[in-house]
*Asks:* 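Sending over a structure as structure tokens; questions will come in a sec.
Order of appearance sets the numbers: ligands from 1, and atoms from 1 within every ligand.
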Amino acid sequence: MKHLTLLSWVSLACVAACGTAEPETFSVIPSPNQITVQAGSYDLKGAAFFVDAAVPEKAKNAIEEFRVQLGTVTGKQSKTVSDEASAAVKFVVDGTLADEEYTLDVTGEGVRAAASSDNGFLFAVQTIKQMLPVEVYVNAKSSKAMVLPCVSIQDKPRFKYRGLHLDPCRHFFSIEETKKILDLMAIYKLNVLHWHLTEDQGWRMEIKQYPRLTEVSAYRNGTMINKEWGSNDGIRHGGFYTQEEMKDVVAYADKLGITVIPEIDLPGHMVAALTAYPELGCTGGPYEVWTRWGVAEDVLCVGKEETFTFLENVLTEMLDIFPSEYIHIGGDECPKVRWEKCPDCQKRIKALGLRDHDGHTAEQYLQSYVTARIQKFLNDKGRKIIGWDEILEGELAEGATVMSWRGTQGGIQAASHGFDAIMTPSSEGYYFDYYQSHETDKEPLGIGGYAPIEKVYAYEPFKGIPDDATGHILGVQANVWTEYIATPEHLEYMILPRLAALSEVQWCNADNKDFTRFDAALNHSVKIYDELGYTYCKDHWGVIGLPGSEQPARTPEELEAWLAEQKD
Ligand code: ACM
Ligand code: ZN
């Protein structure tokens, strides 16, 4: 429940106008779940900091970074003091608070933040920063006063899994750009980057035991042009991340309170790997790293033991790089046509006694066998699996988590059968490669669909989930597939501002969501994007297109006429 007592949002403007120091904003996204706004404000310039010795190390570092940056922005460095009584900005441990929970009290005398975990403190700092002028995000002296409104906040997330998925395979994105996206995620208190690292069109992970994965599988001979199937731009495309670079991303994310969950998509979406190691396919190839989009019929041959040796060796190196509790093993879009004809796969089906039953084919049960075998391998190493919702086809072993992408049905089915689920439903706009407006002639290329910010905001993750199964919904994620996204500007355009809406669905209690309040707060977010140099979609404000090709949106009448024209 959100409380907004004493003063309404509107009268907060009066506090700003009437007080001696003037807080510029109270526009925090995701909105804290309990807020009491009071009269008055506190100017952070030169304020002495106190950090409880029991505050965990990562949080201590983040608070220290904030203190130093605040000094740069205000032009007056504040001290750190060792006695709480003489400090104005206090960070203290409160063991009664849950993981990721924090409280924040701003009075005329100062600031007091409490938490029991790293993320609790990190989120308190993020909330403080969003309450300040956007110049706080930049390491440079500002003429703006860093003044906070007096407020009392008690805040914790609705969901423990708050993810964003990135696909650097269809188009490669640098480590620098990946970090820039992580910075955004941190502002909005997301805590998982689901990094989709293998695909038909490119393999992005250095695996030392299989050097051809980066020599061969990481590159493709061109890319289809726009949506012209059969075309090829003739430009070699690719790239990969070294193990050191991936570890650097993991460490960077960790500092921000974000876990990186890597995905190896298996047994389908493997053409790039097969190109380097054709003996792992059913036909033996030759294969070519795909230059077009879609679902490939060539998948791993799971009749051969060598395939499992390969997967286990790759996974072993992955586990060294990624300490996450979960490893995503894909499982989506794995056609069975090769397995139906392959003597090795058929031999395994026979040996396992698999047969068509209960609406699933023997080959679907063969995929269940693969999932269970990889799951056991990872469980034995202390890790858990996540798979796309196709892993529900056939049988699923206890302990697997299902990522519901083909609508909400997979999540509903999983939760109803006692499996944990993460909701990423394309049907609800959680595919950020979908268009943000109807005016697709003015938008940069999208895969299709229609997912405006209002739709993303409106999604209720418990919709359709039986009451006694909602505990299995770990959280929510949006997916950014990049078939049609080739530049950092376009990537950011597809993510922003929808990421803000996503964050409220992930963080805010259902009765704390309010699109009107969110919409007003978004104006402050947009200033953050401008200050930090992010590209974002302005459809919501009547302008469509990437920088350099922006056009005004049609009026509702013009849009209706244009849409009718498209149907003709
Ligand atoms: C997916 O979009 N193929 C998970
Ligand atoms: Zn086979």
*Asks:* Is E398 atom CD crowded by more than 12 heavy atoms from other residues, nucleotides or ligands, each under 6.0 Å away?
*Replies:* no
*Asks:* Are the ring centres of W481 and H196 closer than 6.0 Å?
*Replies:* yes
*Asks:* Check side-chain contact (heavy atoms from CB on, under 4.5 Å) between A478 and all other residues, then give those that pass, not counting sequence neighbours.
*Replies:* L164, Y430, F432, L502
*Asks:* Where the Zn ion (ligand 2) is the centre, what is the SG-to-SG angle for C342 and C345, rounded to 10°?
*Replies:* 110°
*Asks:* Kindly print each ligand 1 N/O atom paired with any protein N/O atom under 3.5 angstrom away, one pair per line, or none if nothing qualifies.
*Replies:*
residue	atom	partner	partner atom	Å
ligand 1	2 (O)	Y431	OH	2.5
ligand 1	3 (N)	D332	OD2	2.7
ligand 1	3 (N)	E333	OE1	3.2

*Asks:* Please give me the minimum heavy-atom distance between G331 and D265, naming the atom from each residue.
*Replies:* N-OD1, 3.2 Å
*Asks:* For K513, is the NZ atom crowded, meaning more than 12 foreign heavy atoms sit under 6.0 Å from it?
*Replies:* yes
*Asks:* Are F123 and W507 close enough that their ring centers fall under 6.0 Å?
*Replies:* yes
*Asks:* Should we say atom CG of D380 is surrounded by more than 12 heavy atoms from elsewhere, each under 6.0 Å from it?
*Replies:* yes
*Asks:* Just to confirm my numbers, could you give the angle made at the Zn ion (ligand 2) by SG of C282 and SG of C301, rounded to 10°?
*Replies:* 110°
